[in-house]
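Lettering follows sequence order; numbering is per chain, from 1. Quick caveat, the model's predicted, so the values are computed rather than measured.
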Amino acid sequence: MTCGDLRAQHDQQVVTLNGWIDVVRDHGGLLFFDVRDRFGLTQVVLDPAEVAPALVEEARQLRPEWVVAVTGRVRRRPGASVNAARPTGEVEVVATALQILNPSKTPPFLPTDEGGVNEELRLRYRYLDLRRPALRESLELRHRFFLEIRRVLDREKYIEVETPMLTRMTPEGSREYLVPSRVHPGRFYALPQSPQVFKQLIMVGGMDRYFQIARCLRDEDLRADRQPEFTQLDLELSFGDEEDVFAIIEKVLADSIKAVFHRDVPTPFPRLKHRDAMLRYGVDKPDLRFGLEIQELSEIWRGAGFRVVDDVLAAGGVVRGLCVKGGAARLSRKDIDALTPFVQGFGAKGVAFLKQENGQLAGPLSKFTDAGRIAALNAACGFGDGDLLLIVADRERVVCKSLGELRNDLARKLDLLPKDGRLAFSWIVDFPMFDWSDDEQRYVAAHHPFTTPLETYPGQMEKEPGKVTARAYDLVMNGWELGSGSVRIHQREMQARVFEFLGITPDEAREKFGFFLEAFEYGAPPHCGLGLGLERTLALLLDRPNIRDLVAFPKTASASDLMNGAPSEVPLKQLKELHLQVVDVEPAGGGPKKA
RNA sequence: GGGGGUGUAGCUCAGUUGGUUUAGAGCGCUAGCCUGUCACGCUAGAGGUCGCGGGUUCAAGUCCCGUCACCCUCGCCA
C-alpha cells in the first residue's frame with residue numbers, strides 16, 4: 001500500500017504506510033501528519049481519546065522528513081473535513097502503531113518549498129531535491145518515454161545493443177574524456193562521444209536494425225542544453241536511405257510522445273534545405289513556430305549611396321534584413337539602439353533601420369531610400385506603413401548569425417511565440433559536405449568523414465568541394481537541434497577519396513581507423529542512421545529551460561558534481577599505478593596562492 | 001579563453017548618496033498554548049565572519065582591485 005492509494009472504498013481496512021513525514025499539524029489534542037512517498041500523500045490522525053498516550057507522545061516528536069511506518073485503520077473523513085484537493089482527501093488513517101524508521105536533521109530545504117531554491121544548494125543535496133515533485137515528475141516521464149521508445153522500436157524489429165564505454169580515441173570530432181590504462185603504460189582509453197563507430201560495425205555485423213539508448217560523453221564547454229554526459233537515442237539501419245530513417249524516427253517520436261505526453265505530433269516533418277534555412281532563418285536549427293523570415297536585400301540597396309552597404313557588397317558581402325510588421329510603433333528608438341550591441345556580439349558592425357509611419361520615412365536608411373526602393377521593399381517583404389526594417393550588412397556568415405539571433409530575440413520581445421505548446425519539428429537536409437576551416441586552412445568534414453557525399457558530377461569533390469552536399473540531416477524542434485545523422489559511406493573507394501581529400505593519408509587512415517576500414521572490405525551493407533538527444537527532447541516537451549532537471553545527478557557548467565565533489569584529486573599511489581604525473585597544477589581550493 | 005549576471009540568517013529576499021541605533025522581513029528552527037487541521041493557528045525565543053582576500057576612508061553589506069562558486073552566453077560542441 002502506497003501513500004497514493006487509499007480511497008473511500010478502503011474504509012475500515014487496516015493498512016501500513018511507509019514514507020516520509022511531509023508536515024505535522026499538532027493541535028495539542030488532535031494531531032495530524034501527512035505521510036509522503038513517490039506515489040502520494042495520506043493524512044494520518046491521532047486522537048488522544050482513542051489511542052494510548054505513549055503513541056501520541058511519540059508522534060509529537062515527529063518532524064518533517066523523518067522516515068516512518070504507520071499502521072492504522074482507514075476511515076472516511078467526517079463530512080466537512082474532506083479535502084477535495086487531494087486524491088486521498090476522502091480518507092485518513094487512524095494510527096494504531098508508529099515506528100520511526102529514521103529521524104532526519106532539519107534539511108536545508110524541504111520538498112514542500114514551493115518557491116525557487118538556489119540551484120547550487122539543490123545540486124549539493126540532490127537526494128533531497130529528488131523528493132520534490134518537479135524532479136520526481138521529470139524522472140518518471142523520462143522513464144516512461146524511454147520505455148515507450150523501446151517498445152516502438154522493438155515492434156519495428158530493432159534490437160538494442162550495448163557498446164563499450166572504454167573505447168579508442170577517434171580523430172576529429174569533439175574533445176574526449178580519457179581513461180589511463182594501468183596495464184599499458186602511456187596508453188589511454190577514450191570514453192565514447194557517441195557509439196558512431198560501433199553502430200556502423202553492428203551493421204557490418206548483420207544486425208540490420210540497431211538502436212541504443214546510449215550514454216555519450218564530450219569534454220566540451222557546457223550550456224543549459226549540454227551536459228558532459230548525456231543520453232542519445234542512437235539508431236542505425238541497413239539497406240535503406242534517408243527516407244527510412246525519417247520514417248522510423250517520426251514514428252518513434254509521434255507514438256511515444258502521444259503515449260506519454262498525450263500530444264499530437266503531425267508527420268511527416270517538413271524538410272528544409274540547409275541553404276534555405278540559413279537564408280530564411282540565419283541558423284541551421286530554425287524555430288519554425290513563428291515567421292519573421294530574413295529577407296535578401298542586397299540588390300535593393302546596391303548603389304543607393306549608403307557607404308557601409310556599398311563597401312560590404314564590393315567586398316562580396318550581403319545585405320539582409322528583418323521586416324517587423326507593425327514594428328515602427330512597437331520598438332522604441334531605445335529598443336532599436338540596443339540591437340546594435342546585441343549583433344556586435346555576433347561580429348556585426350551594427351543594425352541600420354528604416355521606419356515608415358504615416359507615410360513618413362525615418363531612420364538612418366531613410367535618406368538612401370527613394371520611391372523605387374520603397375516599391376521594391378514592398379514587393380520583397382511587404383514593407384509598408386507602420387513597419388520597421390532592420391538590416392545588417394556584412395560577410396554572409398556574420399549576417400546569418402546576427403539576423404538569426406536577432407530573429408529569435410525579437411520573437412521573445414514581441415511575443416511572437418505561440419502559446420499552444422506547438423512542437424515544430426523539421427528535418428534540415430542537404431548540408432554541405434565540407435566546411436572551410438580558417439584555423440586549419442583546409443576543408444574539414446561538416447558532419448563526419450564517414451558521410452556519403454552527393455556529387456552532381458563525378459569528381460566534384462576535388463573540383464568544387466564547397467558545393468558538394470552531404471547525405472546528412474539534422475532533426476530540429478522549436479529552435480533546438482535534437483539530432484543528426486547521415487547515410488554512411490559503405491564502399492572502400494569512396495571512403496578513400498574522402499580521406500584523401502581531407503588530407504588523411506592512407507598510412508594515417510590505417511593507423512587511426514584501420515580496423516574500421518578493414519571491416520568495410522568484408523561486405524558492409526549500405527546503411528544510415530541518426531543520434532537523437534533525449535534530454536533535449538524531454539526538456540522541450542516539458543518546457544524546461546535546461547536539461548539538468550532531466551538528469552538525476554547533473555553536473556554544473558564547469559563539469560563539477562556539487563554533491564560528490566567530482567572531479568577529485570587522487571592519491572599519488574594511484575597516479576603512479578597509472579603511469580601518470582600531474583604537472584603545472586595550481587594549489588587546490590580558494591585560498592590565496594603562494595607567491 | 002571572452003562577455004554579462006548572482007553571492008546578506010538554515011531557505012527566499014530587502015537593505016537609499018558610504019554613517020543612527022544592536023543589519024531587517026517572510027518561511028523554517030526551538031519552546032509554550034491549542035480537539036478537525038490539511039501551507040493549521042496563537043505567543044515567545046534563538047539564529048549573521050554581509051562568498052573569500054586586499055585596498056580607499058574618520059567610517060564599507062554599500063566604493064575600488066583581485067579571487068572563488070554558481071547561472072546565462074560567444075568561441076567550442078564532426
Checklist entry - Can you tell me the Watson-Crick or wobble partner of B:G10, both distances under 3.5 angstrom? => result B:C27
Checklist entry - Are any of A:R25's side-chain N or O atoms less than 4.0 Å away from OP1 or OP2 of B:C40? => result yes
Checklist entry - Yes or no on side-chain contact (heavy atoms from CB on, under 4.5 Å) for A:Y281 and A:L403, after CA distance, side-chain angles and deciding distance? => result CA-CA 8 Å; A:Y281 306 101; A:L403 289 174; over 6 Å; no
Next on the checklist: How many whole angstroms separate atom CZ of A:R122 from atom C1' of B:C71?
Outcome noted: 12 Å
Item to check | C1'-based separation of B:G5 from B:G10 [nearest Å] | outcome: 25 Å
Item to check | Base B:G36 paired with A:E92 side chain (donor-acceptor, <3.5 Å) | outcome: yes
Checklist entry - Are OP1 or OP2 of B:C72 and a side-chain N or O of A:R548 less than 4.0 angstrom apart? => result yes
Next on the checklist: Any base atoms under 4.0 Å from A:D47, or only sugar-phosphate, or nothing? Heavy atoms, all strands.
Outcome noted: base
Checklist entry - Minimum heavy-atom separation for A:I428 to A:A277, with atom names? => result CD1-CB, 4.4 Å
Checklist entry - Rounded to the nearest Å, what distance is computed from the CZ atom of residue A:R124 to the C1' atom of nucleotide B:C11? => result 12 Å
Item to check | Atom P, compared across B:G66 and B:G4: separation rounded to whole Å | outcome: 12 Å
Next on the checklist: Under 4.0 Å, heavy atoms only, any strand: does A:F109 hit a base, just the sugar-phosphate, or nothing?
Outcome noted: nothing
Checklist entry - Applying a 3.5 Å limit to both distances, which nucleotide forms a Watson-Crick or G-U wobble pair with B:C50? => result none
Item to check | Atom-to-atom span, CZ of A:R60 to P of B:A31 - whole angstrom | outcome: 13 Å
Checklist outcome for this item: Checking A:Q196, A:E176, A:K512, A:H448 against A:T170 for side-chain hydrogen bond (donor to acceptor under 3.5 Å, both in side chains), the one that qualifies is A:E176
Next on the checklist: What verdict does the ring-ring contact (aromatic ring centres under 6.0 Å, His included) test give for A:F501 and A:Y443, after you've listed the backbone C-alpha separation in whole Å, the side-chain angles of each residue and the deciding distance to 0.1 Å?
Outcome noted: CA-CA 8 Å; A:F501 175 76; A:Y443 279 100; 5.8 Å; yes
Next on the checklist: Between the base of B:G75 and the side chain of A:R175, is there a donor and acceptor pair under 3.5 angstrom?
Outcome noted: no
Next on the checklist: Does A:S560 reach a base, just sugar-phosphate, or nothing at all? Heavy atoms under 4.0 Å.
Outcome noted: sugar-phosphate
Checklist entry - Looking for any heavy atom pair under 4.0 Å, which part of the strands does A:V23 touch: base, sugar-phosphate only, or nothing? => result sugar-phosphate
Next on the checklist: Need one value for A:L41: base, sugar-phosphate or nothing, where a base atom within 4.0 Å counts as base even if backbone is also close, heavy atoms only.
Outcome noted: nothing
Item to check | Whole-angstrom distance between B:A14 and B:U56, as gauged at atom P | outcome: 31 Å
Item to check | Pairwise P distance, B:A44 and B:U49 [rounded to whole Å] | outcome: 26 Å
Item to check | Assigned partner base of B:G41, Watson-Crick or wobble definition, under 3.5 Å | outcome: B:C33
Item to check | Distance test, side-chain N/O of A:R223 to OP1/OP2 of B:C76, below 4.0 Å | outcome: no
Checklist entry - Is any NZ, NE, NH1 or NH2 atom of the basic residue among A:R126 and A:D549 found under 4.0 Å from an Asp or Glu carboxylate oxygen of the other? => result yes
Next on the checklist: Applying a 4.0 Å non-hydrogen cut-off, can you work out what A:S81 is touching in the nucleic acid: base, sugar-phosphate, or nothing?
Outcome noted: base
Item to check | Identified pairing partner of B:U20, criterion: Watson-Crick or G-U wobble below 3.5 Å | outcome: none
Next on the checklist: When the P atoms of B:G24 and B:C68 are compared, how many Å lie between them, rounded to an integer?
Outcome noted: 34 Å
Checklist entry - What integer number of Å spans the P atoms of B:G18 and B:C13? => result 25 Å
Item to check | Working for salt bridge (charged side-chain N to carboxylate O under 4.0 Å, His left out), residues A:R497 and A:E455 | outcome: CA-CA 12 Å; A:R497 269 182 73 206; A:E455 295 175 294; 2.7 Å; yes
Checklist entry - Across the strands shown, which category fits A:P108 at heavy-atom distances under 4.0 angstrom: base, sugar-phosphate, nothing? => result sugar-phosphate
Checklist entry - Using atom P of each nucleotide, how far apart are B:U22 and B:G41 to the nearest Å? => result 34 Å
Next on the checklist: Taking the nucleotide of RNA chain B with the nearest heavy atom to each, does A:Q43 or A:H448 sit closer to the 5' end?
Outcome noted: A:Q43
Checklist entry - C1' atom, B:U35 versus B:G51: distance in rounded Å? => result 48 Å
Checklist entry - Any salt bridge between A:D26 and A:R60, counting N to O under 4.0 Å? => result yes
Next on the checklist: Let's test your reading of the model: under 3.5 Å, does the base of B:C76 pair with the side chain of A:R218 as donor and acceptor?
Outcome noted: no
N/O-N/O pairs, protein side and nucleotides 24-30 of chain B side, under 3.5 Å:
from  : atom 1 : to    : atom 2 : distance (Å)
B:U30 : OP1    : A:R63 : NE     : 3.1
B:U30 : OP2    : A:R63 : NE     : 3.4

